[in-house]
Amino acid sequence: MKNNVLIVGASGGIATALIEQYCLNDAHVIAVSRAPASELTHHENVTYHQIAQQDDEHIGAFVKQLREQDIVLTTVVITTGFLHNEDTGVHPEKRLEDINEQALTAYFSTNSITPALWLKHLVNIVSKEGSTLVCLSARVGSISDNGLGGWYGYRASKAALNMFVKTASVEYKRRVKDVMLVCYHPGTVDTGLSKPFQKNVAAKKLFTPEFTAKQLIAHISKLDREQTCHFIDWNGEVVTW
Ligand SMILES: NC(=O)c1ccc[n+]([C@@H]2O[C@H](COP(=O)([O-])OP(=O)(O)OC[C@H]3O[C@@H](n4cnc5c(N)ncnc54)[C@H](OP(=O)(O)O)[C@@H]3O)[C@@H](O)[C@H]2O)c1
């Protein structure tokens, strides 16, 4: 079976490295981004789709189009997420007084709702003979592993993402059978998302996107597929929910 890999959020730092790695592995990559195509996405292995607005209607229409082309996905990586946005002035909260309705709405919309809509539609086009769906989550979305506090919106929206993935895994198992869903913490990766927060990160703990992509691809291939849903980190270690 052809290895069809869907990467959502294709212009991002980690997504770009994933596209490169999957191309090197000779997969057919379907890249989806809000942004126009880049040099990388002109690669012969990449089919590129710009979806400027990733709402229920547009995601649904795109997946329907893939289905009509008889495309069956073996791997999906949803990288969509944000931590800060300089245009809208959203930054992670340091204290309760920083909590803001508009910022919370933005966090949940991008980090939880958009991936949930992808999960809703993709159930119809993932391979029944061994498919894997990965959502880029974050350790700070673990409820049990939260000793530091702060970052209310980002933490809560990633925890909500984890719950969407875990809940969807029950239904995917019933409908798709040989399927595995993964919430993945990539570590701190040198991308635009982490830029303002890198100064306290030891150099050896600031990963390149290339390292991150290789780790993700290696770890998901080693997971126990009898377990439908996993929450793991860049080192393949279990993260507690
Ligand atoms: N970098 C880190 O240290 C780190 C740590 C833990 C978790 N993560 C997670 O890893 C994922 C990828 O992060 P990254 O480091 O590669 O960051 P990035 O370079 O900023 O990429 C994130 C991508 O998410 C998509 N996105 C952002 N806002 C969106 C919106 N409002 N609607 C739809 N899509 C939106 C964009 O894709 P398009 O513009 O192409 O659509 C963007 O390129 C994120 O989910 C992040 O939370 C990263």
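Both ligands and their constituent atoms are indexed starting at 1 by order of listing.
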Which pairs of donor and acceptor atoms, one on a side chain in residues 176-188, lie under 3.5 Å apart (sequence neighbours left out)?
residue	atom	partner	partner atom	Å
Lys177	NZ	Arg174	O	3.1
Asp178	OD1	Arg225	NE	3.4
Asp178	OD1	Arg225	NH2	3.4
Asp178	OD2	Gly130	N	3.4
Tyr184	OH	Leu216	N	3.3
His185	ND1	Arg139	N	3.0
His185	NE2	Gly187	N	3.3

_Checking Phe231 now: which residues fulfil ring-ring contact (aromatic ring centres under 6.0 Å, His included) with it, not counting sequence neighbours?_
Trp241
*ring-ring contact (aromatic ring centres under 6.0 Å, His included) partners for His84, two or more places apart*: Phe197
_Just by distance, no angles: are the side chains of Asn162 and Ser137 close enough, under 3.5 Å, to form a donor-acceptor pair?_
yes
_Checking Asp224 against His230: is there a side-chain donor and acceptor pair closer than 3.5 Å?_
no
*asked:* Does the plane of the ring in Tyr154 sit parallel, tilted or perpendicular to the ring in Trp151? Use 30° and 60° as the thresholds.
replied: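 Tyr154 vs Trp151 ring planes: perpendicular.
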_Distance under 4.0 Å, heavy atoms only, partner ligand 1: which residues pass?_
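Near ligand 1, by chain and number: Gly9, Ala10, Ser11, Gly12, Gly13, Ile14, Ser33, Arg34, Thr79, Thr80, Gly81, Thr110, Leu136, Ser137, Ala138, Tyr154, Lys158, Pro186, Gly187, Thr188, Val189, Thr191, Leu193, Ser194.
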